[in-house]
Every structure is written in C-alpha cells, then in structure tokens.
S.K.: 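Shown below is the structure under consideration.
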Amino acid sequence: MKFDAVLIAGPTASGKSHQALALAEEIGGVVINADSMQVYREAPILTAQPSAAEMARAPHLLYGHVSARDAYSVGRWREDAIEALARARVMGRVPIFAGGTGMYFMALTDGLADIPATPAEVRDNARALLDDIGVEALHARLTERDPLTASKLRPSDPQRVLRAYEVFESTGRSLADWQEAPAAPVLKDAHLAAFVLDPPREQRRARIAERFEKMLEAGGLEEARALEGLDPALPAAKLLGLRPLQALAKGTLTRGEALDGAITASRQFAKRQMTWFRHRMPHYIWFDPCVSNLITQFSHISA
RNA sequence: GGCCACGUGGCGGAGUGGUGACGCAGCGGACUGCAAAUCCGCGUACCCCGGUUCAAUUCCGGGCGUGGCCU
C-alpha cells in the first residue's frame, strides 16, 4: 500500500524526530517539520532541532528556515508546507511530517480559513488598544461590531478576542464568517499514515528533564542570551525555557531555579499537547515509543 | 532544663466559635493565523488527646513536633 504522506505527532521529548528520520531512511522520505518552534534558526538547541549529522542522513525541510524576529504563524507555515510538499514530489520522496503543534496538523488535514494577513499597523493598533482598555472592554467593543464572533469567545481570552477584533478591523468581515468556509486542507483527499507517539507519563517527565539538562550543556544558555531583547510579542519569545534561561544568564535565577522553571513549563506544555491529540487525533495510530517504533508500526499498515 | 513563638491541602500562605481565602504545583478540558500560545474547570488541608460550648481549625489544659532565646 502506498501513502501520500506520513504524519507523526507526539508530545515534546517523545522522540518524534528520531523516529521520523529512521523511517525516512527506511522508505526514502523527506522529513518536514510540523512544529511551531523548530522553524526558528536562532534556536536549534533549545527547540531540539535535528543535528547537522542527522539532517545529512535524509532531507529535512522547514527546520530553522525563518528568523526568530519574524512573526511566523500557522498561516505562513501552511504556505511553506504546500511548497515543501511540492519539493518532496520533485525529489520523489515520501513526505513525513513530524511535530508537536496540533494546529499545524489541523491546517494539513482540516484546512484553515483563508483570511488575508492582518496589516502590521492594524495589529499594532489593536494590541495597543488591548493594553489600554483591557480584554473585557475590547470584547465589549467587539460585541458592538461583530456580535457573532464575540458571543463565541470568552471575554477573558485576550489572544482570541484580539484576533477577532483585528480580523474585523482589517477585513470588515466577521471572523466567524471567515471560518465558516475554510480553505481546502493541504492534504486534501490524501492517503495518510498517521501516528501519535504516546510514551508513558513518567517516561515523558523523565525525558523532558534529562533533555533540558543536555540543552543547557550543549549551548542553550548562549542561544537564550543571543535572543535577549527579542520583542516579547513575537511568537518565538514564547519558546519554552527562554525566559528562565535569560534570567539565569543575568543572574536573577539560579541554575536550579531556571532548570525547574523550564522543565515545569515543558511538562505543562506536553499535557496540553496530549489533550489535543487525545481529542483531535483519536483515529491516528497510537503507540508507545518505549515499546514499539515507527518502522514496525508503519510496516504493519503497509503490508 | 527554662522561657517565647509557631504547627492549616504536595508546597507557600491568609483567616475564622458555626459556608476553610488565595498563589504555585498537579489533574481534566477547550482550541481555526502569537498555538512551546491563550483560556476554562477541579481540593472534606486546620499535629494528637482531653475540656468548655448547642457548635471547635478557631477558646482552655496536656502531649508531641519545629524554630528562636536563655542557663
């Protein structure tokens, strides 16, 4: 049986990249990044991007291909993914998407509303307004303009209220309206082999802690230092461990405290990822990477 | 050994004679362009024993424990 693409999802530190690479070597694939943070070139260590040696073993796309100073987004990733898919086709290799960003997988398989990018000034203005009057008040204003979308949002959710507000401001159309008709999914009608790596909870926690230690030793602190002064509003500024590490560099936190903070944040993130996978990807093939591996799983369904 | 203070959920930390704040961690959930983000929900914890009281976590006595001071 032939697959148009392979999808590999899993929480942080579950070994997605390794499994994806092994499969790519086995079946002649290209590994395509589906992780919102591994796209940033300034932080290969802190985002656990595959090493140069690993990338040499099989083609990898969308890893470190943008700057942390860019306001990257799912929308842009979707464009990049379409292009990556085309390149895979040219190379004659099977696209293997690997990552932990649920929403990116959603863009792949369910589609995303085709909303024009918000002009920077509209976004800046909306953000300034939010800072000025607060979320509740912004939600109230949204209710005046776009009651439908407003009614679907919690007045306490700054991110979504802001998004709805700026979309209405820049397009004059309700976000709910836009979302009514999502654009075709990137992998429309594709034949997919989809997997979720699901290591036991204890194993996950242990690996997160262990991996973060290694990141520090491998130069994670220098990466964090180099990103000092990054606009906190940028997506890359939310990188796990960045804040605590910068605090460590400045001496505001001890090494132990910084490590604790970063590890706790990673655990909490992994929990959110699992919630998404459990509810959005129940039809994927789930397996425990401590017990099985992707090549075995893949061979089961290819037979 | 004596004196003083304290003893609240996994941790930190308010408070009260009758319904036991809150923060953190943890757990569950949501999720359509910042998503490693954002938001929502979840806790019979008052050291032990006796006494007072209609009612003790709260008052009294004793015990145990912790910290400090003193000899």
Side-chain angles (χ1 to χ4, degrees), chain A residues 9-13 16 33-40 43 46-49 66 68-81 99-120 122-124 126-127 130 135-136 139 149 152-164 166-167 170-171 174-183 185-186 201 205 208 211-212 215 230-245 257 260-281:
Chain A
T12 6
K16 299 178 291 286
N33 170 236
D35 184 290
S36 70
M37 288 294 149
Q38 294 188 331
V39 299
Y40 297 116
L46 291 176
T47 64
Q49 291 173 36
V66 298
R69 326 226 169 237
D70 281 359
Y72 201 66
S73 68
V74 214
R76 284 186 52 191
W77 182 81
R78 178 164 147 279
E79 307 290 302
D80 292 344
T101 304
M103 198 156 56
Y104 284 14
F105 282 93
M106 192 183 76
L108 240 34
T109 59
D110 300 332
L112 207 62
D114 204 9
I115 308 170
T118 307
V122 174
R123 170 161 293 192
D124 292 346
R127 203 167 282 191
L130 171 66
V135 217
E136 313 266 332
H139 183 266
T149 307
K152 294 180 170 180
L153 299 175
R154 285 209 168 82
S156 53
D157 191 338
Q159 185 169 293
R160 296 194 173 82
V161 170
L162 188 69
R163 168 71 182 153
E166 72 181 27
V167 166
S170 70
T171 68
S174 163
L175 176 61
D177 206 27
W178 281 108
Q179 292 173 348
E180 276 297 296
V186 174
R201 192 188 299 269
R205 304 176 126 235
I208 286 173
R211 193 175 69 165
F212 208 82
M215 284 177 178
L230 191 71
D231 178 356
L234 250 22
K238 269 88 180 189
L239 208 162
L240 287 175
L242 188 62
R243 292 265 148 229
L245 252 34
E257 288 167 339
D260 267 10
I263 290 169
T264 297
S266 302
R267 277 209 304 259
Q268 295 173 329
F269 167 54
K271 186 167 111 74
R272 274 178 266 130
Q273 289 179 298
M274 290 311 294
T275 301
W276 181 292
F277 301 154
R278 270 197 295 269
H279 297 271
R280 307 288 195 107
M281 304 176 166

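The sequence lines fix the lettering, A, B, ..., with proteins before strands; numbering per chain opens at 1. Atom set for the values below is all heavy atoms of this structure, side chains included, hydrogens, waters and symmetry mates excluded. Keep in mind that this is a model prediction, so the values were computed, not measured.
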S.K.: OP1 or OP2 of B/A30 versus the side-chain N and O atoms of A/His279: is any pair under 4.0 Å?
M.R.: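 Answer yes for this pair, as a side-chain N or O of A/His279 is under 4.0 Å from OP1 or OP2.
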S.K.: Checking base pairs now: Watson-Crick or wobble, both atom distances under 3.5 Å. What partners B/C54?
M.R.: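 When the pairing criteria are applied, B/G18 turns out to be the nucleotide that pairs with B/C54.
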S.K.: Any N or O donor-acceptor pair linking the side chain of A/Arg272 to the base of B/A30 at under 3.5 Å?
M.R.: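 When only heavy-atom distances are counted, A/Arg272 does not reach the base of B/A30 through any donor-acceptor pair under 3.5 Å.
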S.K.: So A/Asp231, base contact, sugar-phosphate only, or nothing? Heavy-atom distance under 4.0 Å.
M.R.: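 Here A/Asp231 touches no strand at all.
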S.K.: If I take atom CD in residue A/Gln273 and atom P in nucleotide B/A30, what distance separates them, rounded to the nearest angstrom?
M.R.: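 So the CD-P distance, A/Gln273 to B/A30, works out to 15 Å.
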S.K.: Under the side chain to side chain contact (heavy atoms under 4.5 Å, CB included) rule, collect the residues that match up with A/Ala237, sequence neighbours excluded.
M.R.: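 Only A/Leu230 meet the side chain to side chain contact (heavy atoms under 4.5 Å, CB included) criterion with A/Ala237.
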S.K.: A/Arg123 side chain: which of B/C39, B/C34, B/G33 is closest?
M.R.: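 So the side chain of A/Arg123 is nearest to B/C34.
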S.K.: Between B/C47 and B/G65, how far is it from one C1' atom to the other, in whole Å?
M.R.: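 Per the computed distance, 8 Å lies between those C1' atoms.
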S.K.: Which base sits across from B/G33 as a Watson-Crick or G-U pair, both distances under 3.5 Å?
M.R.: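 The base-pairing partner of B/G33, which may sit in any strand shown, does not exist here.
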S.K.: If you look at every heavy atom in A/Ile263 and A/Phe212, which pair is closest and at what distance?
M.R.: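 Between these two residues, the closest heavy atoms are CG1-CB, 4.1 Å.
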S.K.: On a whole-Å scale, what distance lies between the C1' atoms belonging to B/G67 and B/A21?
M.R.: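 Going atom to atom, C1' in each nucleotide, I get 26 Å.
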S.K.: Rounding to a whole Å, what distance do you find between A/Asp70:CG and B/C34:C1'?
M.R.: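 Answer to the nearest Å: 13 Å.
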S.K.: Assess whether one donor atom and one acceptor atom, taken from the side chain of A/Lys271 and the base of B/G28, lie less than 3.5 Å apart.
M.R.: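 Pair found.
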S.K.: Taking the P atom in each of B/U71 and B/A14, what is the distance between them to the nearest angstrom?
M.R.: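 The same atom, P, in both gives a distance of 32 Å.
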S.K.: List the residues meeting salt bridge (charged side-chain N to carboxylate O under 4.0 Å, His left out) with A/Asp157, not counting sequence neighbours, and say none if there are none.
M.R.: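 Testing A/Asp157 for salt bridge (charged side-chain N to carboxylate O under 4.0 Å, His left out), a comparison that skips the adjacent residues, returns A/Arg160.
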S.K.: Check every atom of B/C40, B/A35, B/G33 against the side chain of A/Ser156 and return the nucleotide holding the closest atom.
M.R.: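 The listed nucleotide nearest to A/Ser156's side chain is B/C40.
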S.K.: So what does A/Ala233 touch, heavy atoms closer than 4.0 Å: a base, only the sugar-phosphate, or nothing?
M.R.: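 A/Ala233: base contact, heavy atoms under 4.0 Å.
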S.K.: Work out how far the C1' atom of B/U44 is from that of B/G61, and round it to whole angstrom.
M.R.: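 Their C1' atoms lie roughly 28 Å apart.
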S.K.: Please report the distance separating the P of B/A5 from the corresponding atom of B/G9, rounded so that it comes out in whole Å.
M.R.: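 Going atom to atom, P in each nucleotide, I get 22 Å.
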S.K.: Going by the rule side chain to side chain contact (heavy atoms under 4.5 Å, CB included), which residues pair with A/Pro11 if we only count those two or more places apart in sequence or in a different chain?
M.R.: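 Once residues adjacent in sequence are excluded, the partners of A/Pro11 under the side chain to side chain contact (heavy atoms under 4.5 Å, CB included) criterion are A/Ser14, A/Pro199, A/Arg204, A/Ala270, A/Gln273, A/Met274, A/Phe277.
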S.K.: State which of B/A30, B/C40, B/U38 makes the closest approach to the side chain of A/Arg154.
M.R.: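 Nearest listed nucleotide: B/C40.
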S.K.: For B/C42, which nucleotide is its Watson-Crick or G-U wobble mate, given both distances must be under 3.5 Å?
M.R.: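 WC or wobble partner is B/G26.
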S.K.: Could you say whether A/Gly100 or A/Val74 is positioned toward the 5' end of RNA chain B, judged by the nucleotide with the nearest heavy atom to each?
M.R.: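 The residue whose closest nucleotide sits nearer the 5' end is A/Val74.
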S.K.: Sub-3.5 Å donor-acceptor pair from the side chain of A/Asp70 to the main-chain atoms of A/Tyr72, do we have one?
M.R.: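 No: the side chain of A/Asp70 does not pair with the backbone of A/Tyr72.
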S.K.: Quick one: A/Leu230 CG to B/C34 C1', roughly how many Å, whole number?
M.R.: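 Interatomic distance, CG of A/Leu230 to C1' of B/C34: 12 Å.
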S.K.: Hey, does A/Ile263 reach any base, or is it just sugar-phosphate, or nothing, if we go heavy atoms under 4.0 Å?
M.R.: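 Answer is nothing: A/Ile263 stays at 4.0 Å or more from every strand.
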S.K.: Please report the shortest heavy-atom distance between A/Met103 and A/Trp276, naming the atom on each side.
M.R.: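 That would be N-CZ2, 3.7 Å.
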S.K.: Only pairs with both distances under 3.5 Å count, Watson-Crick or wobble alike; so what is the partner of B/G1 in this structure?
M.R.: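 Partner of B/G1: B/C70.
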S.K.: What's A/Trp178 touching, base or sugar-phosphate or nothing? Going by heavy atoms closer than 4.0 Å.
M.R.: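 Contact class for A/Trp178: none.
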S.K.: Among residues at least two apart in sequence or on other chains, which ones pass ring-ring contact (aromatic ring centres under 6.0 Å, His included) with A/Tyr104?
M.R.: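 Expected list: A/Trp77.
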S.K.: Reckon A/Thr47 touches a base, only the sugar-phosphate, or nothing at all at heavy-atom distances under 4.0 Å?
M.R.: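 Contact class for A/Thr47: base.
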S.K.: Is there a side-chain polar atom (N or O) of A/Gln179 under 4.0 Å from OP1 or OP2 of B/G33?
M.R.: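 Yes, such a contact exists.
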S.K.: Could you work out the separation of B/G7 and B/G41 based on their C1' atoms and round it to a whole Å?
M.R.: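 Straight-line distance between the two C1' atoms is 32 Å.
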S.K.: Can a donor-acceptor pair be found, under 3.5 Å and without considering hydrogens, that links the side chain of A/Glu166 to the backbone of A/Arg127?
M.R.: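 No; judged by distance alone, with no hydrogens or angles, the pair does not exist.
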S.K.: Between A/Arg280 and A/Arg201, which is nearer to the 5' end of RNA chain B once each is assigned its nearest nucleotide?
M.R.: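 Closer to the 5' end of RNA chain B: A/Arg201.
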S.K.: Assign A/Leu162 to base, sugar-phosphate, or nothing according to its heavy-atom contacts below 4.0 angstrom with the strands shown.
M.R.: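 Here A/Leu162 touches the bases of the nucleic acid.
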S.K.: Indicate the atoms forming the closest heavy-atom contact of A/Asn33 with A/Gln38, along with that distance.
M.R.: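 For A/Asn33 and A/Gln38, the tightest heavy-atom pair comes out as ND2-OE1, 3.1 Å.
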S.K.: Rounded to whole Å, how long is the line connecting atom CE of A/Met106 with atom C1' of B/U32?
M.R.: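 After rounding, the gap between these two atoms is 4 Å.
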S.K.: Could you work out the separation of B/U58 and B/U16 based on their C1' atoms and round it to a whole Å?
M.R.: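 Their C1' atoms lie roughly 6 Å apart.
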S.K.: On a whole-Å scale, what distance lies between the C1' atoms belonging to B/C24 and B/C42?
M.R.: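 Looking at atom C1' only, B/C24 and B/C42 are 15 Å apart.
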S.K.: Give A/Asp35 one of three labels, base, sugar-phosphate or nothing, depending on what nucleic acid heavy atoms sit under 4.0 Å from its own.
M.R.: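 Counting heavy atoms under 4.0 Å across all strands, the contact made by A/Asp35 includes a base.
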S.K.: Grab the CD-P distance between A/Gln159 and B/C40 for me, whole Å please.
M.R.: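 For the pair A/Gln159 CD and B/C40 P, the rounded distance is 13 Å.
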S.K.: Let me know the distance between OH of A/Tyr40 and P of B/C34, rounded to the nearest Å.
M.R.: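 After rounding, the reported distance stands at 10 Å.
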S.K.: To the nearest angstrom, how far is A/Met103 atom CE from B/U38 atom P?
M.R.: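 After rounding, the reported distance stands at 13 Å.
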S.K.: Report yes if at least one side-chain N or O of A/Arg160 is closer than 4.0 Å to OP1 or OP2 of B/U38; otherwise report no.
M.R.: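 For B/U38, neither OP1 nor OP2 has a side-chain N or O of A/Arg160 closer than 4.0 Å.
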S.K.: Not counting sequence neighbours, which residues clear ring-ring contact (aromatic ring centres under 6.0 Å, His included) with A/Phe269? List them please.
M.R.: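 A/Phe269 satisfies ring-ring contact (aromatic ring centres under 6.0 Å, His included) with no other residue.
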S.K.: Pick out the pairs of N or O atoms, protein on one side and nucleotides 21-25 of chain B on the other, that lie under 3.5 Å.
M.R.:
unit_1: B/A25; atom_1: OP1; unit_2: A/Gln268; atom_2: NE2; d: 3.1

S.K.: Please give the nucleotide sitting opposite B/G9 as a Watson-Crick or G-U wobble pair, both distances under 3.5 Å, or none.
M.R.: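 Its partner: none found.
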